[in-house]
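What follows is a set of notes on a single structure, which appears directly below.
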Amino acid sequence: MEFSKCWLDYSPAEIKEKALFTLAVLCEGSIVESAVKEYDMAIQGMTAVKPEIVKERKPESVVLLLDEFLPVGKDGYEIRREESSYCITGQSESGVLYGVFHFLRVIRTGHLEEFPIQNAPEMPLRIMNHWDNMDGSIERGYSGESFFYKDYEILYNERTEQYVRMMASIGINAIVINNVNVHEKETYLITDTYLEQVKQYSDLFNRYGIKLFTSVNFAAPMELADFDNCDPLNERVAAWWKETAKHIYEVIPDFGGFLVKADSEGRPGPFTYDRTHADGANMLARALKPYGGIVIWRCFVYNCGQDWRDKKTDRARAAYDNFIGLDGQFDENVILQIKNGPMDFQVREPVSPLFGGLKKTNMILEVEIAQEYTGQQIDLCYLLPMWREILDFDTFVRGEGSTVLNIVKGQTHGQKLCGMAAVINTGDDYNWTGNDLAAANTYGYGRLAMNPSLDSESIAKEWTELTFGKAPEKEIVAMLMNSWNTYEKYTSPLGIGWMVTPHYHYGPDVDGYEYDRWGTYHRADRNGLGVDRTPAGTGYTAQYNEPWASVYAEKEKCPEELLLFFHYVGYEEKLKSGKTLIQHIYDTHFEGVEEVEKMITVWKGLQGKIPSDAFDRVSERLERQLANSVEWRDRINTYFYRKSGVLDDKGRKIYE
């Protein structure tokens with residue numbers, strides 16, 4: 001079985017410090033054993049010399065210690081130099097493991113002078129959501145098939161072990177192993193049909209400080225036990241879930257809990273019985289509470305049977321409208337998982353107003369590493385700058401400084417169950433992510449969730465050095481940092497979104513969703529385009545706190561990158577740049593293609609500085625990206641030329 005080691009490829013390196021060849025292990029436990037194994041593997045990989053592993057301090061050594069009073073939080077650690085030795089101290093075993101991974105990063109990037117280092121991870125939960133199905137497929141997967149499942153069997157091999165190592169190395173502490181859209185076979189993951197095999201995963205995860213979660217089917221009592229309903233207030237239904245939870249924990253004592261998608265896109269939920277999301281979530285939470293388990297309840301709930309003729313019903317309003325009235329009604333072991341924006345992982349959309357609305361409910365931020373609407377790991381799109389903007393957004397829920405980051409790390413409201421979750425982009429392709437450069441998003445998400453104070457460029461530099469070395473660092477970092485802006489330029493303008501091929505979500509189809517049931521409209525006509533979400537329109541802007549409610553509602557004040565999300569704008573209205581809207585559309589789409597062409601030129605210049613197989617794989621993806629960007633440019637520009645009849649000021653080729 002062959003697969004890339006990605007950023008954990010401990011390739012040969014010159015290491016001269018004698019201390020690094022002796023590891024003094026002054027603590028114990030299964031996670032510490034993983035830390036020792038990782039250190040041993042890394043030093044051997046870099047030097048071909050096996051380090052000496054001892055149980056007592058030596059004058060020149062790397063020392064692993066536990067100190068429960070270390071002021072760095074549960075998963076925190078300290079790395080310091082003491083004369084001729086290095087000490088890695090964690091408040092917990094997980095802290096020791098994270099400290100070892102950090103220390104190895106420092107060795108590999110040649111920054112041994114940086115000590116002392118104290119790291120107190122800010123987000124309690126750092127979750128990966130897999131959308132893997134047991135037949136081996138992955139919903140919105142762009143990197144091959146699942147490495148968890150094949151033909152309804154659970155896989156366990158070197159690849160799953162490598163995956164868990166990679167996740168621990170970036171600070172992930174919870175993994176959901178199956179799709180939120182739980183199909184028939186996956187419903188059985190919480191039964192004896194699969195529990196012993198799931199336990200194998202849980203045991204592996206636990207050795208790296210990671211909790212295992214499963215997505216569950218809200219209608220499981222009906223599918224597994226012939227119940228005639230799954231009403232959360234039905235005592236027999238609640239009792240069934242309590243017995244089920246009890247048995248899960250008998251088999252898997254360290255089980256994390258459930259992720260639930262309910263009453264959304266056809267999934268069953270409490271609405272069928274005129275119950276609330278709080279009724280449904282609390283019923284499951286009470287079944288898990290005796291064992292320390294939690295329920296993560298997704299807020300991606302909206303009317304997916306909308307009439308395009310109806311201009312008042314607004315999908316963007318849905319999450320807020322569904323959950324704001326339930327604030328404070330959820331049990332303490334329930335977390336609401338809220339998508340970063342009100343729609344669905346578009347290349348540009350505003351931050352979900354739920355973050356500024358809820359005050360008495362545990363919240364976790366959901367982002368998508370899998371590039372569903374951002375190029376599907378064919379087109380390069382480094383997403384950390386987007387996530388950075390989301391985390392830095394000030395909701396003003398408790399006055400200035402109530403950023404999304406402060407909310408999801410528990411500072412604003414004092415919640416203990418909070419953090420980030422991401423829909424991951426890994427599959428069984430050799431390089432895990434289809435495009436080698438897309439691994440920067442996987443790596444970067446974990447590092448950002450662990451240390452959200454890190455900036456996107458520093459993380460890009462770190463990943464590049466660990467993956468390709470220092471030689472191509474400058475060029476690759478520049479490609480990554482510019483890629484989100486480039487992708488946005490040649491796709492949907494000014495926050496409107498959704499001009500994609502239906503179902504596949506790759507490539508342009510301007511009207512593909514325009515007259516459909518999903519609530520994803522651009523409302524373009526002969527005079528202009530955009531959705532009026534002001535109080536005179538759908539009223540969506542009122543879901544924000546001030547000053548955002550007023551800023552978004554006034555066309556002149558609205559941030560231009562979101563202008564068409566909030567307003568209908570005429571083609572010949574002037575933007576702040578002095579250009580008309582239609583000229584902005586033309587210019588950005590031409591610029592986007594030109595920037596992809598420059599990207600390809602830069603990449604070609606790296607030949608010989610990067611392993612040839614990785615170079616060839618990325619080259620092939622960049623050529624596909626160029627073709628995609630040209631198709632976007634020509635279709636978007638032609639569409640709006642035909643709508644508006646306005647010529648391009650620069651006389652470039654637009655098809656009639």
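Between Lys359 and Asp327 there is no salt bridge, since no side-chain nitrogen of the basic residue lies less than 4.0 Å from a carboxylate oxygen of the acidic one. Under 4.0 Å is where a charged nitrogen must lie from a carboxylate oxygen, and between Arg523 and Asp532 no such pair does. A salt bridge between Arg388 and Asp392 is present, with a side-chain N of the basic residue lying under 4.0 Å from a carboxylate O of the acidic one. Taking a cutoff of 4.0 Å between a charged side-chain nitrogen and a carboxylate oxygen, Lys339 and Glu366 do not qualify as a salt bridge. Look at Arg207 and Asp203 and you find no salt bridge, because none of the NZ, NE, NH1 or NH2 atoms lies under 4.0 Å from a carboxylate O.
In summary, of the residues considered (Val404, Ile338, Thr403), a side-chain contact (heavy atoms from CB on, under 4.5 Å) with Val351 occurs for Val404 alone.
Ring planes of Trp548 and Tyr552: parallel class, angle under 30° (limits at 30 and 60°). Under the 30°/60° scheme for interplanar angles, the aromatic rings of His505 and Trp498 are found to stand perpendicular.
More than 12 heavy-atom neighbours from other residues, nucleotides or ligands sit within 6.0 angstrom of NZ on Lys555. Surrounding NZ of Lys289 are at most 12 heavy atoms belonging to other residues, nucleotides or ligands under 6.0 Å away. At most 12 heavy atoms of other shown residues, nucleotides or ligands fall within 6.0 angstrom of atom CD in Glu184. No more than 12 heavy atoms of other residues, nucleotides or ligands lie within 6.0 Å of CZ in Arg236, so this atom counts as exposed by the packing criterion. Around CD of Glu554, the count of heavy atoms belonging to other residues, nucleotides or ligands within 6.0 Å exceeds 12. Other residues, nucleotides and ligands place no more than 12 heavy atoms under 6.0 Å from the CD atom of Glu457. Crowding of Asp310 atom CG: a count of heavy atoms from other residues, nucleotides or ligands under 6.0 Å exceeding 12.
In this structure, a donor-acceptor pair under 3.5 Å is absent between the side chains of Asn173 and Lys211. Under the 3.5 Å distance criterion, with hydrogens and angles disregarded, a donor-acceptor pair is assigned to the side chains of His413 and Arg398.
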Apply side-chain contact (heavy atoms from CB on, under 4.5 Å) to residues Cys304 and Arg315 and explain how you reach the verdict. CA-CA 8 Å; Cys304 63; Arg315 173 169 167 173; over 6 Å; no

Determine, step by step, whether Glu250 and Lys199 satisfy the salt bridge (charged side-chain N to carboxylate O under 4.0 Å, His left out) criterion, reporting the C-alpha distance in whole Å, the side-chain angles of both residues, the deciding distance to 0.1 Å, and the verdict. CA-CA 11 Å; Glu250 287 171 350; Lys199 183 181 186 301; over 6 Å; no

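At least one cation-pi condition fails for Arg267 and Phe218: the charged atom is not both under 6.0 angstrom from the six-membered ring centre and inside a 45 degree cone around its axis.
At a threshold of 4.5 Å between non-hydrogen side-chain atoms, the residues Leu383 and Val367 do not count as touching.
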